[in-house]
Amino acid sequence: KQEVTQIPAALSVPEGENLVLNCSFTDSAIYNLQWFRQDPGKGLTSLLLIQSSQREQTSGRLNASLDKSSGRSTLYIAASQPGDSATYLCNLNYGGSQGNLIFGKGTKLSVKP
Amino acid sequence: NAGVTQTPKFRVLKTGQSMTLLCAQDMNHEYMYWYRQDPGMGLRLIHYSVGEGTTAKGEVPDGYNVSRLKKQNFLLGLESAAPSQTSVYFCAGGQGLEQYFGPGTRLTVT
């Protein structure tokens, strides 16, 4: 059974720091992985999508990588800002069905001014 | 272009009451999903649809029913609400691999 883990559950950093968020999974047979951010009391905003054939995707200060063999994806945030404070979630589609979707429990990021 | 919208935003039900949550999308998404989000449990898939007239069970389907009579709408029904169904419900739409989420419905069952 596919399991997804995001460690740490919470992270606090000073403004300007570069940081890495982790998403680990147990079964490498995934179709794609999507990173989201969620602000308190709000819905999820899509950040980056990595297909299984890709190694990384970039958007602005964000870079997401995927290493299926090691069961790991990372989200790199460069030059963090207080506006980056949110919960970051990874979501996997695996196993050949559109319904095989699983979320990690997220990393709550706080960027201090 | 409103994206994915959900109605209502908040609702309080008594145990045993029924209700329907509406998800609407104007992005021509083929796929639609209903999730629930609970503290400590994360987001879990309730039901999903891969096209108009189709529905399928996700990870936690018990106590819920869904219908997708029109491509743009995906309805989630609770026939007899229970306190365990207190949660925040999110709808999402997608075309292929990516999902786009609505703002959520906060449901409390007393």
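In what follows, every heavy atom counts, from backbone to side chain, and hydrogens, waters and symmetry copies are set aside. All chains are named by letter (A, B, ...) in the order of the sequence lines, taking the proteins before the strands, and each is independently numbered beginning at 1. This is a predicted model, so every value here is computed, not measured.
- In the hydrophobic cluster analysis, where Ile, Leu, Val, Met, Phe, Trp and Tyr join through side-chain heavy atoms closer than 4.5 angstrom, Leu107(B) is grouped together with Ile46(B).
- Under the 4.5 Å side-chain heavy-atom criterion for ILVMFWY residues, no single connected hydrophobic cluster contains both Met19(B) and Tyr35(B).
- From Glu98(B), atom CD reaches atom CZ of Phe36(A) across 7.5 Å, with rounding to the nearest 0.5 Å.
- The cluster map of Ile, Leu, Val, Met, Phe, Trp and Tyr, joined by side-chain heavy atoms under 4.5 Å apart, puts Val66(B) and Tyr64(B) in the same cluster.
- The parts of Gln99(B) that come within reach of chain A are both its backbone and its side chain, each placing non-hydrogen atoms under 4.5 angstrom from that chain.
- The main-chain N or O of Met41(B) is never found under 3.5 Å from a side-chain atom of Lys105(A) such that the two would form a donor-acceptor pair.
- Proximity to chain B is limited to the side chain of Ser97(A), based on heavy atoms less than 4.5 angstrom apart.
- Taking chain B as the reference chain and counting heavy-atom pairs below 4.5 Å, the highest number among Ile102(A), Leu101(A), Asn93(A) is found for Leu101(A).
- Put simply, Val109(B) and Val88(B) are part of two different groups of oily side chains (I, L, V, M, F, W, Y) that touch within less than 4.5 Å, one to the next.
- When Pro103(B), Ala56(B), Gly102(B) are compared by the number of non-hydrogen pairs under 4.5 Å with chain A, Pro103(B) comes out ahead.
- Looking at Leu44(A), both its backbone and its side chain come within 4.5 Å of chain B, counting heavy atoms on both sides.
- Atom NZ of Lys108(A) has 12 or fewer neighbouring heavy atoms from other residues, nucleotides or ligands inside a 6.0 Å radius.
- Linking Ile, Leu, Val, Met, Phe, Trp and Tyr residues whenever their side-chain heavy atoms come within less than 4.5 Å places Leu66(A) and Leu47(A) in a single cluster.
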Go through the steps to decide whether Tyr33(B) and Gln98(A) satisfy the test side chain to side chain contact (heavy atoms under 4.5 Å, CB included), and finish with yes or no.
-> CA-CA 10 Å; Tyr33(B) 311 86; Gln98(A) 200 64 29; 2.8 Å; yes
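- More than 12 heavy atoms of other residues, nucleotides or ligands sit less than 6.0 Å from atom CD of Glu17(A).
- Summarising the geometry, atom CG belonging to Asn100(A) is positioned 7.0 Å from atom OH belonging to Tyr48(B); distances are rounded to the nearest 0.5 Å.
- Only the side chain of Gln38(A) comes within less than 4.5 Å of a heavy atom of chain B; its backbone N, CA, C and O stay farther away.
- Only the side chain of Leu45(B) comes within less than 4.5 Å of a heavy atom of chain A; its backbone N, CA, C and O stay farther away.
- Between chain A and the residues Arg44(B), Glu59(B), Gln37(B), the largest count of heavy-atom pairs under 4.5 Å involves Gln37(B).
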